[in-house]
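Here the structure is laid out as structure tokens; the discussion comes afterwards.
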2 protein chains.
Amino acid sequence: MARAETAAIDKRRLILDAAVRVFARQGFHTCRVSDIADEAGVAYGLVYHYFSSKDEILDTLFLERWNVMLAAIAEADASQLQARDKLRAIAGFIIDSYRHDPELMKVIIVEVTRAANTFGRTHLATIRDAYAQIAGIVARAQAEGVFRTEITPEFAALAFYGAVEQVLTGWIFDSVPVDDEELERSKTLIVETICRGLEL
Amino acid sequence: MARAETAAIDKRRLILDAAVRVFARQGFHTCRVSDIADEAGVAYGLVYHYFSSKDEILDTLFLERWNVMLAAIAEADASQLQARDKLRAIAGFIIDSYRHDPELMKVIIVEVTRAANTFGRTHLATIRDAYAQIAGIVARAQAEGVFRTEITPEFAALAFYGAVEQVLTGWIFDSVPVDDEELERSKTLIVETICRGLEL
DNA sequence: GCCGACTGACTGACCGGTCAATCGATCAAA
DNA sequence: TTTGATCGATTGACCGGTCAGTCAGTCGGC
């Protein structure tokens, strides 16, 4: 029983991991469910044993990762760091996520976050949770007199997240892979560029 | 002859304009070519008389508009303005484009610029022309000692464009329409946020 | 009567999802 | 220990709907 249970969980995971590779390579709309099954080394029908639709696979991948990110943002927010360092932690988390699993980040950004007409629409509220939390950090920094109040928190959050995502998108479609050093440098660059505009 | 020619050009334009509305409403992948023909009040086959494929319609819409934007950026670049005001002009142009035709901007951003796996891929080089030109403005400002050199021009361009696009995306999917005043305020906000981080 | 704009029914490929059948682990009864 | 009943995991052929693109033909100006 334990053996079978583990095997079952593994197969589900196997399909999810295969889907990441296939979505990253071919894109969600362009790939066929059979491509995922083939990549996972699994029969076509098994995909539908674990997931009710092709969409549900992408939903699962997105929510798994986005919830981790929301938790990371909440943790940064709850910490005793300076506002600038909270934002640095968030940018750092996103960039480290890319370092750790670029294919997954590509899928999430390209197929969900930036695919506002399809999955982005479905998950709009969840995506906006992240913006709202970042806006909260900015608002608190403004109340404490660390950030100036000319720029609305919501706007600051969009600009901050937009800058991070655009940089990631640049990497995602670069032919040359990025080295760790540039990843690290970018964390500082983002915070330097955006926070300096927000601080007093 | 002149009559017929004009009529022909009109029909082509009619189809393009209808396509903007349909793409904005339903999304490129979700709509059918017949939807475009119906919206334009034209026979299905006529769409294929003027365009060789569904893709070509979107390509045309994108290139038409993007080339105008590239020209606007080049004009700002060539002007005698301060770097900050050049960037302001660019942000202003993009925001005014949205004001003038929000549906077209929605289509371009959602279906091309942010659709990195489909049309974004095809037009990647064209899209990056814009980033490169913005980077050029930043680089010149750095050489003149107006902007600090810690941040690479390429990075600054991504952050700038990313912030603008993210703000537009926010409007595009907001249920509440944006009033002119907020549009104007946003131009200043973007420049204030980003340029302040770039200036010495 | 020629030429090009225009029409819209049709087709062929494609693909998401279904389902009937098989496999194999487990366990209780013989 | 063997048998066979049970049930979830697994398989992949197949179905049905959708739609981009074709094409044979009509219409109308010159």
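Here is how names work: the chains are called A, B, and so on, in the same order as the sequence lines, proteins then strands, and each is numbered from 1.
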**Prompt:** Taking only residues two or more places apart in sequence or in another chain, which ones pass salt bridge (Lys or Arg N to Asp or Glu O under 4.0 Å) with B/D179?
**Reply:** none
**Request:** Rounded to the nearest angstrom, tell me the gap between atom OH in A/Y50 and atom P in D/dG8.
**Result:** 12 Å
**Item:** Between D/dG8 (C1') and A/R12 (CZ): distance, integer Å
**Value:** 16 Å
**Prompt:** Which comes earlier along DNA chain C counting from the 5' end, the contact point of B/A43 or that of A/F28, where each point is its nearest nucleotide?
**Reply:** B/A43
**Asked** Tell me the side chain to side chain donor-acceptor pair (under 3.5 Å) pairs involving residues 55-66 of chain A, sequence neighbours left out?
**Response** A/R13-A/E64, A/S52-A/E56, A/D59-A/H123, A/R65-A/S97
**Request:** Measure the distance from NZ on B/K11 to P on C/dC6 and round it to the nearest whole Å.
**Result:** 4 Å
**Item:** For atom CD1 of B/I15 and atom P of C/dA5, their distance in whole Å
**Value:** 12 Å
**Asked** Which residue pairs pass the salt bridge (Lys or Arg N to Asp or Glu O under 4.0 Å) test when at least one of the two sits in residues 42-51 of chain A, sequence neighbours left out?
**Response** none
**Distance, rounded to the nearest Å, where B/H49 contributes NE2 and D/dT22 contributes P** = 14 Å
Can you give me the N/O atom pairs linking the protein to nucleotides 23-28 of chain D at distances under 3.5 Å, or say none if there are none?
none

**Asked** So which of residues 32-41 of chain A are in contact with DNA chain C, with a heavy-atom cut-off of under 4.0 Å?
**Response** A/R32, A/V33
**Request:** Among the candidates D/dG12, D/dA9, C/dC6, find the nucleotide nearest to the side-chain atoms of B/L46.
**Result:** C/dC6
**Fill in**
side-chain contact (heavy atoms from CB on, under 4.5 Å) filter on A/D35, not counting sequence neighbours, yields A/V22, A/Q26, A/C31, A/R32
**Fill in**
Rounded to whole Å, NE2 of B/H29 lies from C1' of C/dG16 at a distance of 17 Å
**Prompt:** Looking across every strand, which nucleic acid part, if any, lies under 4.0 Å from B/S52 by heavy atom: base, sugar-phosphate, or nothing?
**Reply:** nothing
**Asked** Could you give the CG-to-C1' distance, from A/L14 to D/dT10, as a whole number of Å?
**Response** 13 Å
**Asked** Can you name the residues that form a ring pair (Phe, Tyr, Trp, His ring centres under 6.0 Å) with A/Y161, not counting sequence neighbours?
**Response** A/Y131
**Message:** So A/E75 and A/L70, do their side chains get closer than 4.5 Å, heavy atoms only?
**Reply:** no
**Request:** Enumerate the residue pairs fulfilling salt bridge (Lys or Arg N to Asp or Glu O under 4.0 Å) with a member in residues 36-48 of chain B, sequence neighbours excluded, ordered by first and then second residue.
**Result:** B/R21-B/E39, B/R25-B/E39
**Item:** Between C1' of D/dA13 and OH of A/Y44, the distance in whole Å
**Value:** 12 Å
**Request:** With the side chain counted from C-beta on, respond yes when B/I73 and B/F93 share a heavy-atom pair under 4.5 Å apart, and no when they do not.
**Result:** no
**Item:** For B/F23, all residues meeting ring pair (Phe, Tyr, Trp, His ring centres under 6.0 Å), sequence neighbours excluded
**Value:** B/F28
